[in-house]
Trainee: 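I'd like to ask some things about the structure below.
Small disclaimer: the values here were computed from a predicted structure and weren't measured. Naming convention: chains lettered A, B, ... in sequence-line order (proteins, then strands); numbering from 1 in each chain.
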Number of protein chains: 2
Amino acid sequence: MSSGTSAKVLSLSLNSLKVACSQCNLRELCLPFGLSSHEVHRLDSLIETRRKVKRGQHLYHAGDVFEAIYAVKTGFFKTDVLLEDGRDQVTGFQMAGELLGLDGISGDAHTCSAVALEDSEVCAIPFAELENLSSDIPTLQRHLHRVLSREIVKDHGVMMLLGSMRAEERLAAFLLNLSQRFLARGYSASEFHLRMTREEIGSYLGLKLETVSRTFSHFQDSGLISVQQKHIRIMNTEGLHQLIKQKNC
Amino acid sequence: MSSGTSAKVLSLSLNSLKVACSQCNLRELCLPFGLSSHEVHRLDSLIETRRKVKRGQHLYHAGDVFEAIYAVKTGFFKTDVLLEDGRDQVTGFQMAGELLGLDGISGDAHTCSAVALEDSEVCAIPFAELENLSSDIPTLQRHLHRVLSREIVKDHGVMMLLGSMRAEERLAAFLLNLSQRFLARGYSASEFHLRMTREEIGSYLGLKLETVSRTFSHFQDSGLISVQQKHIRIMNTEGLHQLIKQKNC
DNA sequence: TCTGTACTTTGATTTGCGTCAAACGGGTGG
DNA sequence: CCACCCGTTTGACGCAAATCAAAGTACAGA
């Protein structure tokens, strides 16, 4: 009991540890991209704490007051929107260096929920202060706009996928997207661990979990990938690409 | 021939007519929202020309250099993205007061194409200058961020629709969305003219044109709407809402 | 270590939407 | 005013993915 409590105190003190952007190895992927070292230090002063989020915990819920955006420092998240009738849909998966909460800027509340898919850490960036700072630093302002716009472009890609691709194409595109993002972070592009369940993949891709599972099996039978539960190995990247490109069938 | 040339000159001079935001009856829907009159005048100075776009003409193509965003002054547009294999998908329809080209901010080129669905006029807003101005005017900066974020939220709505709704639900949601936007512009919420074809609706909603047509007919048979070609009359708004809310069937 | 639970896989069957096809209607240009 | 063409409607049929069902597997907590 007492050891549990002290562990908690320890973890709280760790939570409030300052983590400077200037020291962060993700800075080239994240918000500080392109800033001079002086400018990065000004950004540092905004980011007061990192926050730990345990697997399964929410970083924020839809409806929560919007105050900050979050940069994923370590770990893996999903965001999802809820429909009034109870249906929900995963709108994205976020990994290290990616931003969470951009949808909240439009109003005063978050419009989706963010859940950690593994134990994670995020940097909270108070948005009002970020706006002030970006008025002062054109490079930061430009980058913030690009980040917001990139999110729109990304969503268009998903809309394309949901609106005009078949199950195999969707899953192939999904795997290639993950692969590329892992690669950009220094991990293997061909072998990785899925942090999400088949159901979450299905929700994101507009498919049922059984379809996701079956399609993984088909890919394996075709020698495109090897699947063992959540462990994926891409055997034929080009083959996956071909699958998407081929016209309508 | 010569009369054609002089008509062109005339149209060019009309094109370069200055249309001030401060005089525009859309300013409460559009970028100047919330600005003081002094600030609106500063915004005026950015917007050098309005541009006419005839029905069927492109405002910009995917791949065009990105320099400006556009505010629809009159008319109706669609935007679409192209896949390498030739498939394309409509990503949105834009009416008066709405902005076009936000996806281009992420890079140096537009990522989708914008086509006028009826003779239209737009205000071109040079983006680099807009960024400069928004550094100076916090209200404008805040509003620009909201607009960008709102686009993300809107796209999440479409993803929801494409990923987890059935054909009838998609079309009902589409009609209700149009209805509301017409209402916000002072037009009838219950009776309007569709500017797009069944195929374009289908492309946007991830359905084939035959399915769109059939679903319209079903709605009409159920007394929810009345359809005559492109003329729509909503007879039972609540019924359309119910259709979306009801769980899974 | 054992047990329960959550996740995954696979099979059988159903169904909503796509595809193919043909007829119809309205607006546009000659 | 007429004829053509594009867009729309409607029907018949097929298929991809959903649904229903059941067995198998991994992992967390007792």
Trainee: Does A:Thr211 place a side-chain N or O at less than 4.0 Å from the phosphate oxygens OP1/OP2 of D:dA16?
Mentor: no
Trainee: Could you tell me whether the phosphate oxygens of C:dT8, OP1 or OP2, come under 4.0 Å of any side-chain nitrogen or oxygen in A:Lys230?
Mentor: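 A:Lys230 to C:dT8 OP1/OP2: side-chain N or O found under 4.0 Å.
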Trainee: Would you compute the distance between atom CG of B:Leu99 and atom SG of B:Cys123 and round it to the nearest 0.5 angstrom?
Mentor: 10.0 Å
Trainee: Have a look at the helix from C:dT1-D:dA30 to C:dG30-D:dC1 and give the angle its two end axes make, five pairs each, rounded to 10 degrees.
Mentor: 50°
Trainee: Find the distance A:His218:NE2 to C:dT9:P and express it as a whole number of Å.
Mentor: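 Spelled out: NE2 on A:His218 to P on C:dT9 is 12 Å.
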Trainee: What distance separates A:Leu176 CG from A:Leu183 CG, expressed to the nearest 0.5 Å?
Mentor: 12.0 Å
Trainee: Could you list all the ring-ring contact (aromatic ring centres under 6.0 Å, His included) pairs where at least one residue sits in residues 66-91 of chain A, not counting sequence neighbours?
Mentor: A:Tyr60-A:Tyr70, A:Phe66-A:His110, A:Phe66-A:Phe127
Trainee: Contact class for B:Ser213 (heavy atom, under 4.0 Å): base, sugar-phosphate, or nothing?
Mentor: base
Trainee: Which pair of heavy atoms, one from B:Asp80 and one from B:Gln89, lies closest together, and at what distance?
Mentor: CB-O, 3.0 Å
Trainee: Roughly, in whole Å, what's the span from CE in B:Met165 to P in C:dC17?
Mentor: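 B:Met165 atom CE is separated from C:dC17 atom P by 13 Å.
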Trainee: I'd like to know if A:Asp119 and A:Arg55 make a salt bridge, using a cut-off of under 4.0 Å between side-chain N and carboxylate O.
Mentor: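 So A:Asp119 does not pair with A:Arg55 through a salt bridge.
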Trainee: For the atom pair CG (A:Asp155) and CG (B:Asp103), what is the distance rounded to the nearest 0.5 Å?
Mentor: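 The distance works out to 11.5 Å.
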Trainee: Measure the distance from NZ on A:Lys208 to P on D:dA21 and round it to the nearest whole Å.
Mentor: 16 Å
Trainee: If I take atom CZ in residue A:Arg198 and atom P in nucleotide D:dA17, what distance separates them, rounded to the nearest angstrom?
Mentor: 17 Å
Trainee: Rounded to whole Å, how long is the line connecting atom CD of B:Glu199 with atom P of D:dT8?
Mentor: 9 Å
Trainee: Is the shortest side-chain N to carboxylate O distance from B:Glu98 to B:Arg185 below 4.0 Å?
Mentor: yes
Trainee: With the sugar-phosphate defined as primed atoms, P, OP1 and OP2, and the base as all remaining atoms, what B/S/- string results for nucleotides 20-30 of chain C, 5' to 3', for protein heavy atoms under 4.0 Å?
Mentor: B----------
Trainee: Between the side chains of A:Lys245 and A:Glu169, is the shortest nitrogen-to-carboxylate-oxygen separation below 4.0 Å, so that they form an ion pair?
Mentor: no
Trainee: Name the nucleic acid region contacted by B:Leu209, choosing base, sugar-phosphate or nothing; use a 4.0 angstrom heavy-atom cut-off, strictly under.
Mentor: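 Contact class for B:Leu209: base.
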Trainee: Once you round it to whole Å, what is the distance between P of C:dG16 and CZ of B:Arg166?
Mentor: 6 Å
Trainee: Distance check, rounded to the nearest 0.5 Å: B:Leu171 atom CG versus B:Leu207 atom CG?
Mentor: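 Those atoms lie 7.5 Å apart.
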Trainee: Separation of B:Glu200 atom CD from D:dC6 atom C1', in whole Å?
Mentor: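 After rounding, the gap between these two atoms is 12 Å.
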Trainee: Between C:dT8 atom P and A:Ile201 atom CD1, what is the distance in whole Å?
Mentor: 8 Å
Trainee: Checking all strands, does B:Gly206 fall into the base, sugar-phosphate, or nothing category for heavy-atom contacts under 4.0 angstrom?
Mentor: sugar-phosphate
Trainee: Let's see if you can work this out: which of D:dG7, C:dG18, C:dT9 has an atom nearest to the side-chain heavy atoms of B:Leu207?
Mentor: C:dG18
